[in-house]
Amino acid sequence: MTETNTQGDRHRLTVTAEANSHAMELTRRFDISRDRIFKAFIDPDAIPQWWGPRNTEAIVDELEARSGGRWRFVFRESDGNEDGFHGVFHDIVDGERIVQTFEYEGMPGHVCLETATFEDVDGGTLLRGVSVFQSVEDRDGMIASGMESGASDSYERLEELLR
């Protein structure tokens, strides 16, 4: 099992990846209500303010936050380089859960299924994201890509936005 923490104890991002598993889990606690956190995940005006590493601009190209709806976001770096990501929403339960696919357009065909759950805990929210990949190699490649620092940046920016 691989488990890493990138922040202080109370608000740390924890990434867990069991050996030989296709899944990876991210958890992060926020001192913000789950309704506010949930809404920031499906609001096309909020997403560019928090989604992705600090050194990129996030552009919402498409966002239909409903079961069967599509989404597409683009990261634009300061040098103008762009990376696209897209998927389809499979299930959205208001304030509780988002199930969607995720595909990096730079590596087409490597799709994972992501489930984000939002749980009330001690006046705040526990965000749990589980990503299931098509192979252990795809999962390990995602971890090696630097996604942990990108997720940590995103969640820090989300907390700053909603504070």
Side-chain angles (χ1 to χ4, degrees), residues 1-18 21-54 56 58-75 84-105 110-134 138-139 142-143 145 147-163:
M1 175 171 84
T2 301
E3 185 172 303
T4 57
N5 304 315
T6 59
Q7 299 175 342
D9 286 340
R10 186 168 168 88
H11 297 99
R12 68 184 182 174
L13 171 65
T14 302
V15 178
T16 305
E18 300 280 343
S21 170
H22 291 225
M24 169 179 64
E25 179 180 81
L26 283 71
T27 57
R28 169 73 153 66
R29 188 192 186 301
F30 296 87
D31 289 329
I32 299 164
S33 74
R34 79 176 180 167
D35 288 337
R36 290 184 65 213
I37 298 282
F38 180 87
K39 285 182 175 119
F41 269 70
I42 60 170
D43 179 350
D45 294 325
I47 288 167
Q49 298 179 62
W50 69 268
W51 202 74
R54 290 184 189 276
T56 62
I59 301 159
V60 176
D61 183 51
E62 181 176 17
L63 180 61
E64 301 171 86
R66 61 174 177 77
S67 294
R70 298 177 49 82
W71 66 271
R72 182 174 187 268
F73 305 157
V74 176
F75 283 160
F85 306 84
H86 68 270
V88 174
F89 291 105
H90 289 262
D91 186 36
I92 297 179
V93 178
D94 194 38
E96 293 180 22
R97 180 178 62 245
I98 299 171
V99 180
Q100 67 186 30
T101 58
F102 176 94
E103 183 174 6
Y104 169 51
E105 293 173 0
H110 297 271
V111 180
C112 71
L113 182 66
E114 300 182 326
T115 301
T117 57
F118 305 81
E119 178 185 340
D120 288 325
V121 290
D122 301 323
T125 303
L126 179 64
L127 170 61
R128 183 181 320 276
V130 176
S131 299
V132 180
F133 295 82
Q134 294 171 314
D138 280 359
R139 190 225 32 207
M142 176 68 84
I143 292 170
S145 76
M147 60 68 51
E148 186 174 341
S149 65
S152 181
D153 271 1
S154 291
Y155 293 159
E156 287 175 19
R157 293 175 65 200
L158 176 60
E159 184 156 40
E160 291 164 6
L161 174 66
L162 298 178
R163 224 182 293 150

### Task
Step through it carefully: locate the ring centre of F85, locate the ring centre of W71, and say whether they are under 6.0 Å apart.
no
### Min side-chain heavy-atom separation V93-F118 under 4.5 Å
no
### Query
Which pair of heavy atoms, one from S131 and one from E114, lies closest together, and at what distance?
OG-CG, 3.5 Å
#### Entry: Atom pair CD (E156) and CZ (R28), whose distance is rounded to the nearest 0.5 Å
6.5 Å
### Query
Can you tell me how far the CZ atom of R29 sits from the OG1 atom of T14, to the nearest 0.5 Å?
12.5 Å
### Task
Measure the shortest side-chain to side-chain distance between F30 and L158 over non-hydrogen atoms and say whether it is less than 4.5 angstrom.
yes
#### Entry: R54 CZ to S154 OG distance, which is reported to the nearest 0.5 Å
9.5 Å
### Task
To the nearest 0.5 angstrom, please state how far the CG atom of L161 sits from the CD1 atom of I32.
8.5 Å
### Message
Nearest 0.5 Å, please: how far is CG in L127 from CD in E159?
### Response
11.5 Å
### Task
Report yes or no: does S21 contribute a side-chain atom to a donor-acceptor pair with the main-chain N or O of A23 at less than 3.5 Å?
yes
### Message
Within the 3.5 Å criterion, strictly below it, is a donor on H110 or Q134 matched to an acceptor on the partner's side chain?
### Response
no
### Query
Does a side-chain heavy-atom distance below 4.5 Å link M142 with F102?
yes
### Query
What pair of heavy atoms forms the shortest contact from V121 to L126, and how long is it?
CG2-N, 3.6 Å
### Query
Per the ring pair (Phe, Tyr, Trp, His ring centres under 6.0 Å) rule, which among W50, Y104, W51, F41 passes with F73?
W51
#### Entry: Residue pair A40 / I47: nearest heavy atoms and the distance that separates them
O-CG1, 3.5 Å
### Where A65 and I92 come nearest, the two heavy atoms and their spacing
C-CD1, 3.4 Å
### Task
With rounding to the nearest 0.5 Å, note down the distance linking CG in D31 to CD1 in I37.
9.5 Å
### Message
Show the nearest heavy-atom pair for residues P44 and V60, with the distance to one decimal.
### Response
O-CG2, 3.7 Å
### Message
Does any part of the side chain of R36, heavy atoms only, come nearer than 4.5 Å to the side chain of K39, both counted from C-beta?
### Response
no
### Task
Please tell me if the side chains of E62 and H86 come closer than 4.5 Å, counting only heavy atoms from C-beta onward.
no
### Query
Any side-chain heavy atom of T125 within less than 4.5 Å of one from F38?
no
### Task
Please answer whether the main-chain N or O of G52 pairs with a side-chain N or O of R157 as donor and acceptor at a distance below 3.5 Å.
yes
### Message
I need the single residue from E18, M147, E148 that forms a side-chain contact (heavy atoms from CB on, under 4.5 Å) with M24. Which is it?
### Response
M147
### Task
Please report the shortest heavy-atom distance between L63 and I42, naming the atom on each side.
CD2-O, 3.4 Å
